[in-house]
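Below: the structure, in structure tokens.
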Amino acid sequence: MKDKLVLIDGNSLAFRAFYALPLLSNHAGIHTNAVYGFTLLLEKILKDENPTHFLVAFDAGKTTFRHSTFGDYKGGRQKTPPELSEQFPLIRKLIEAYHIKHYELENYEADDIIGTLAREATENRMETIIITGDRDLTQLVNDYVSVYYTKKGVTDIDRYTPDFVKEKYGFGPEKIIDLKGLMGDKSDNIPGVPGVGEKTAVKLLLEYGTLEEVIGHLDDIKAKKLNENLTNHQADALMSKKLATIEVHAPVDIGLQDVKLEDAANDKKIELFKALEFKQLLDQMETAPVVQQQELIIADSIDELDLSGATAVFIDCFKDNYLVNEVLPLAMTDGEKTAVVTAEEIKNHAQLTAYLADADKKKYVFDAKKNVVLMKRLGIDMQGIDFDVMLASYLLDPSRTIVDVAETAGLHGMILPSNEQIFGKGAKMAIPEETELKDYFGRQVQAIYQLTDKMKDELRQNEQLKLHDELELPLSLVLAGMEYQGITVDRNALIEMQDELKTRIDELMATIYGLAGHEFNINSPKQLGVILFEELKLPAAKKTKTGYSTAVDVLEGLRDKHEIIPAILDYRQLAKLQSTYVEGLQKMIDEDGKIHTRFNQVLAQTGRLSSVEPNLQNIPIRLDEGRKIRKAFTASEPGWVIFAADYSQIELRVLAHITEDKSMMDAFNHGIDIHTKTAMEVFDVDNNAVDANMRRQAKAVNFGIVYGISDYGLSQSLGISRPAAARFIEDYLESFPNVKQYMDDVIQQAKRDGYVSTLLNRRRYIPDINARNFNARGFAERTAMNTPIQGSAADIIKLAMVNYAREIRKTDFKAKLLLQVHDELIFEVPEEEIEAFSLFVKDMMENAMELNVPLLVESNYGASWYEAK
DNA sequence: GACTGCACGC
DNA sequence: GACGTACGTGCAGTCC
């Protein structure tokens with residue numbers, strides 16, 4: 001069979017389909033007309049054209065390179081109606097179900113992606129069909145490429161071939177851009193020449209050939225008004241031509257071989273069609289059994305539910321912060337009937353509260369941590385959580401952005417309204433009326449129930465069920481306790497710092513204004529750039545997208561050039577401390593005198609935790625100035641202290657373990673400083689020949705290994721050239737042959753399996769590992785190398801936390817775990833416990849996992865986090 | 001409200 | 001040659 005490529009302009013056809021069909025929707029209120037139209041089109045194309053290659057291109061983002069030519073490009077366009085924009089994710093899902101590739105590229109429009117692929121196809125003499133609702137694309141027509149233009153609806157089509165274009169206009173497709181240059185395009189807000197429409201433009205082009213030649217022959221054009229308009233708007237016309245010209249060399253990192261059409265299995269389609277309720281299409285297909293969302297039966301009372309076995313439970317609150325915001329009703333289902341009860345009703349229902357606190361009764365949830373915290377707030381100690389759909393989704397693929405139940409359910413062919421659809425967003429967020437809310441909560445809990453078995457199976461297949469059951473789920477309960485507990489922060493200590501900082505910042509401001517000659521906003525990189533690089537004429541080293549860069553490394557390079565620079569650097573440092581920490585933290589202190597951060601367990605791609613509102617994982621430590629912030633973090637009771645225990649070099653120990661590199665293992669087994677050891681190996685010298693500089697460089701390389709930085713990154717951190725940094729890495733890998741071997745193996749593994757794994761079987765998919773784009777691939781390779789190291793370190797500390805929480809209950813220790821900062825745990829402890837507790841924690845952490853090098857934990861304590869160093 | 005530049009931690 | 005290069009969160013400024 002001869003190769004045939006089909007390229008679809010996704011955005012333009014989605015619009016066409018949307019406006020061509022009535023506003024259909026499924027039972028859950030999701031609009032489906034654009035998706036339906038798109039489906040009809042795909043079916044028709046596949047049947048009529050039998051393509052071997054297929055791509056749907058989408059516009060990316062709001063601005064493109066064309067906006068830099070003409071700021072008002074596409075100005076005055078109506079906003080995409082929400083009924084349509086909510087269908088775009090479904091259209092993408094649809095395309096994926098057909099195993100058709102889709103692609104979008106920042107700064108470019110779908111047109112340019114299509115143009116680029118069409119050019120490549122033409123160079124390979126491959127027949128190409130472009131399908132669009134936008135006449136612009138006709139400029140791409142040639143002997144190999146035809147453009148199908150949807151006239152009305154989506155299946156009524158004009159076929160533009162070179163002959164068709166010639167017949168229509170009298171000239172070939174190459175002149176379409178000249179035509180646009182003259183007549184403009186109202187829909188894209190391309191100006192063209194006033195008074196020139198299609199008729200005049202065609203006439204001019206037939207007479208003179210191109211736009212440039214029309215301009216060259218202005219003297220020959222006698223019509224007074226036309227001549228005047230052409231003369232006055234030459235520049236507009238040329239710019240309009242440029243705007244209308246499709247880029248056929250867009251930097252796409254896909255090629256023809258990437259868009260081969262694979263056979264689509266029907267079940268994905270059926271699953272989606274069922275969810276969308278495309279009954280006619282389903283009737284035409286051989287239906288195979290798939291999970292279909294059950295009908296929602298809302299019981300009148302919770303008493304109608306069968307509480308003898310497992311249930312799915314869903315409780316939520318208004319907005320994100322479940323530690324403080326209003327608790328919303330609880331939904332529960334036994335798999336048949338679903339009930340929704342208010343927070344007040346829960347508390348007063350003895351049988352229900354007993355059920356929720358019964359460890360022997362299994363519950364399936366979405367976000368165990370949130371459930372447990374909200375229950376705690378209602379005075380219920382929730383027990384028996386058996387499965388967390390949200391954690392499962394993260395473990396199956398951490399790159400999934402977890403938004404709400406709807407998002408996760410959508411991945412399994414169940415479609416329900418999103419949180420945003422029900423509650424709105426931003427300032428307009430509101431709790432909907434009772435029936436709508438009940439219905440929504442009911443649907444969500446039902447989805448959780450149905451997803452549980454399915455996702456358990458998926459985890460089992462990946463050998464990740466244990467990771468869920470024994471690590472992430474128990475950890476989420478530990479984290480719930482930590483968040484609820486909070487850490488005491490001394491407001492007065494912060495206020496004192498604030499006053500002190502204010503004085504110093506004011507002084508610096510005065511100095512800076514004096515040196516600049518006038519006042520300006522130092523916090524504005526834009527204004528600062530003007531002062532430094534225009535008014536003071538300092539040499540600008542780097543530019544950002546929007547102007548001069550004023551980042552630290554740039555300013556450091558200018559330190560000796562002008563007195564203002566050190567003042568600005570000092571100002572920056574203090575202003576950051578003041579706004580983010582001293583003032584920022586004060587705002588977060590609750591009535592209990594504590595700060596309650598929330599840990600995000602399903603975000604970081606490597607398996608680490610993150611912390612929000614506030615982020616307590618980036619409290620300053622490097623410079624003493626900032627480190628003093630930690631003085632405000634204290635124990636909650638007199639006689640108690642802050643105790644901090646951190647893993648020493650956990651990532652490099654993991655690396656030694658995974659690679660079994662002899663000299664690295666040797667260093668850890670004999671307590672030799674790892675950076676010194678690295679320097680010895682890389683520079684091939686004895687222990688006592690390693691000077692401070694060599695150690696510093698070795699440390700930077702180790703840092704690079706741990707974080708997966710590039711030669712560029714290393715060159716930046718060491719202040720050396722890029723080739724020198726590359727050579728450094730090479731020397732390193734030669735000195736540690738097993739590490740080199742590991743790096744090669746792990747990249748192969750990623751190529752073979754599509755993912756890499758940690759010691760506890762956490763996965764990260766690396767789709768770009770085979771990318772043709774050099775940067776994307778380089779990034780993917782470093783990700784592949786680094787994730788098992790950083791992710792395994794995350795596994796270890798998480799395991800230590802789970803073990804700690806389980807074991808501490810068997811003791812009399814009163815100590816409380818408060819925070820986790822990637823490789824360290826922060827506790828508050830009664831002073832008299834310290835000695836014993838320290839040993840206990842050390843034992844938990846060092847023996848969390850047995851590696852072939854020892855894990856080493858160092859700890860300290862004091863009146864505040866500052867003293868626990 | 002969304003985006004950018006910058007800066008803090010690991 | 002590829003032009004942007006660990007991961008996160010939060011602040012202020014800017015533009016719409």
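All chains are named by letter (A, B, ...) in the order of the sequence lines, taking the proteins before the strands, and each is independently numbered beginning at 1.
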Note to self: Whether A:K526 contacts C:dC15 is assessed here as follows: a side-chain N or O lying under 4.0 Å from the phosphate OP1 or OP2. Is that the case?
What the structure shows: yes
Notebook entry, point to check: A:T550 near the nucleic acid: base, sugar-phosphate alone, or nothing, with a heavy-atom cut-off under 4.0 Å?
Noted result: sugar-phosphate
Notebook entry, point to check: Distance-only, no hydrogens or angles: does the A:Y513 side chain make a donor-acceptor pair with backbone N or O of A:F520 under 3.5 Å?
Noted result: yes
Checklist line | Euclidean distance, atom CG of residue A:D553 to atom P of C:dT5 [Å, nearest integer] | finding: 13 Å
Note to self: Please evaluate residues A:E535 and A:H518 with respect to the criterion side chain to side chain donor-acceptor pair (under 3.5 Å), reporting the C-alpha separation (whole Å), side-chain torsions for both, the decisive distance (0.1 Å), and the verdict.
What the structure shows: CA-CA 11 Å; A:E535 296 181 13; A:H518 60 92; 2.8 Å; yes
Check: For the side chain of A:R630 and the base of B:dG9, is some donor closer than 3.5 Å to an acceptor across the two?
Finding: no
Check: Between A:K587 and A:E583, does at least one N-O distance fall below 4.0 Å, as a salt bridge requires?
Finding: no
Check: In whole angstrom, what separates A:Q617's CD from C:dT9's C1'?
Finding: 10 Å
Note to self: Without decimals, in angstroms, what is the distance between A:L555 CG and B:dG5 P?
What the structure shows: 15 Å
Margin query: From CZ of A:F633 over to P of B:dG9, roughly how many Å is that when rounded to an integer?
Written below: 13 Å
Margin query: Just N and O in the side chain of A:S524: are any of them under 4.0 Å from OP1 or OP2 of C:dT14?
Written below: yes
Next item on the list: Would you indicate what A:G713 reaches in the nucleic acid, counting non-hydrogen atoms under 4.0 angstrom: base, sugar-phosphate, or nothing?
Entry: nothing
Item checked: Base-paired stems in DNA chain C, each at least three Watson-Crick or G-U pairs under 3.5 Å -> B:1-9 with C:7-15
Item checked: Short N-O contact, A:E483 and A:R598, less than 4.0 angstrom -> no
Next item on the list: Apply side chain to side chain donor-acceptor pair (under 3.5 Å) to A:E472 and A:Y394, showing your working.
Entry: CA-CA 10 Å; A:E472 297 295 348; A:Y394 172 69; 6.0 Å; no
Next item on the list: For A:L577, answer base if it contacts any base atom (sugar-phosphate contacts may also be present), sugar-phosphate if it contacts only those atoms, and nothing otherwise; contact means non-hydrogen atoms under 4.0 Å.
Entry: nothing
Margin query: Classify A:E651 by what it touches in the nucleic acid, base, sugar-phosphate, or nothing, heavy-atom distance under 4.0 Å.
Written below: nothing
Next item on the list: Figure out the NZ/P separation between A:K543 and C:dG4, and round it to whole Å.
Entry: 15 Å
Margin query: So, does A:T580 get its side chain near the phosphate of B:dC8, meaning an N or O under 4.0 Å from OP1 or OP2?
Written below: no
Checklist line | Residue whose nearest DNA chain C nucleotide is more 5′ - A:N773 or A:N618 | finding: A:N773
Check: Just by modelled atom types, is the A:F318 backbone N or O under 3.5 Å from a matching donor or acceptor in the A:N325 side chain?
Finding: yes
Item checked: Short side-chain N/O contact to C:dG13 OP1/OP2 from A:N523, under 4.0 Å -> yes
Margin query: Within the 4.0 Å heavy-atom criterion, would you say A:V706 contacts the bases, only the backbone, or no part of the nucleic acid?
Written below: nothing
Margin query: Tell me whether the side-chain N/O atoms of A:R782 come closer than 4.0 Å to OP1 or OP2 in C:dA6.
Written below: yes
Margin query: What's A:N521 touching, base or sugar-phosphate or nothing? Going by heavy atoms closer than 4.0 Å.
Written below: sugar-phosphate
Checklist line | Under 4.0 angstrom between A:K425 side-chain N/O and B:dA2 OP1 or OP2 | finding: yes
Note to self: Heavy atoms only, 4.0 Å cut-off, all strands: where does A:D823 land among base, sugar-phosphate and nothing?
What the structure shows: sugar-phosphate
Checklist line | Strand-adjacent residues in residues 564-575 of chain A, judged by heavy atoms under 4.0 Å from DNA chain C | finding: none
Next item on the list: State whether A:Y548 and A:K542 meet the cation-pi test: NZ (Lys) or CZ (Arg) under 6.0 Å from the six-membered ring centroid, and within 45° of the perpendicular axis.
Entry: no
Margin query: I want to verify a distance call: between B:dG5, C:dA12, B:dC8, whose nearest atom is closest to the A:S579 side chain?
Written below: C:dA12
Checklist line | Salt-bridge criterion met for A:E651 and A:R608 (N-O under 4.0 Å) | finding: yes
Next item on the list: May I ask you to evaluate whether A:R622 reaches the phosphate of B:dG9, defined as a side-chain N or O under 4.0 Å from OP1 or OP2?
Entry: yes
Check: Within the structure shown, what part of the strands sits under 4.0 Å from A:R764 by heavy-atom distance: base, sugar-phosphate, or nothing?
Finding: nothing
Next item on the list: Calculate the interatomic distance between A:I254 atom CD1 and C:dA2 atom P; express it in whole Å.
Entry: 21 Å
Notebook entry, point to check: How far does the C1' atom of B:dA7 sit from the matching atom of C:dA2, given to the nearest Å?
Noted result: 30 Å
Check: Reckon A:S549 has a side-chain N or O less than 4.0 Å from the OP1 or OP2 of B:dC6?
Finding: yes
Notebook entry, point to check: Between B:dC6, C:dT9, B:dC10, which nucleotide has the shortest distance from any of its atoms to the side chain of A:N615?
Noted result: C:dT9
Next item on the list: Compare the ring of A:F774 with the six-membered ring in the base of C:dA2 and state whether they stack (centres under 5.5 Å, planes under 30°).
Entry: yes
Notebook entry, point to check: Is the shortest side-chain N to carboxylate O distance from A:E507 to A:R504 below 4.0 Å?
Noted result: no
Next item on the list: Report which part of the nucleic acid A:S710 touches: base, sugar-phosphate, or nothing (heavy-atom distance under 4.0 Å, all strands).
Entry: base
Next item on the list: Provide, to the nearest angstrom, the distance between the CZ atom belonging to A:F599 and the C1' atom belonging to C:dT9.
Entry: 13 Å
Notebook entry, point to check: Which part of the nucleic acid, if any, lies within contact of A:F779, taking any heavy atom under 4.0 Å across all strands shown: a base, the sugar-phosphate backbone alone, or nothing?
Noted result: sugar-phosphate
Next item on the list: Take atom P in B:dC8 and the same atom in C:dC3, then report the distance between them in whole Å.
Entry: 31 Å
Margin query: With a cut-off of less than 4.0 Å, is there a side-chain N or O of A:K545 near OP1 or OP2 of B:dT4?
Written below: yes
Next item on the list: Between A:E613 and A:Q527, just flag the one whose closest nucleotide in DNA chain C comes earlier from the 5' side.
Entry: A:E613
Checklist line | salt_bridge(A:R762, A:D795) N-O dist < 4.0 Å | finding: yes
Check: Can you tell which of A:W865, A:F643, A:Y866 makes a ring-ring contact (aromatic ring centres under 6.0 Å, His included) with A:F633?
Finding: A:W865
Notebook entry, point to check: Side chain of A:L603: nearest nucleotide among B:dG9, C:dC3, C:dG8?
Noted result: C:dG8
Note to self: Under the side chain to side chain contact (heavy atoms under 4.5 Å, CB included) test against A:I650, which residue among A:L851, A:V706, A:D823 passes?
What the structure shows: A:D823
Item checked: Integer-rounded Å distance: C:dC11 C1' and A:K576 NZ -> 6 Å
Margin query: If you compare every side-chain N and O of A:S610 against the phosphate oxygens of C:dT9 (OP1, OP2), does one of them come in below 4.0 Å?
Written below: yes
Item checked: Atom C1', compared across B:dG9 and C:dA6: separation rounded to whole Å -> 13 Å
Notebook entry, point to check: Among A:R782, A:R722, A:Q716, whose side chain to side chain contact (heavy atoms under 4.5 Å, CB included) with A:S710 holds?
Noted result: A:R782
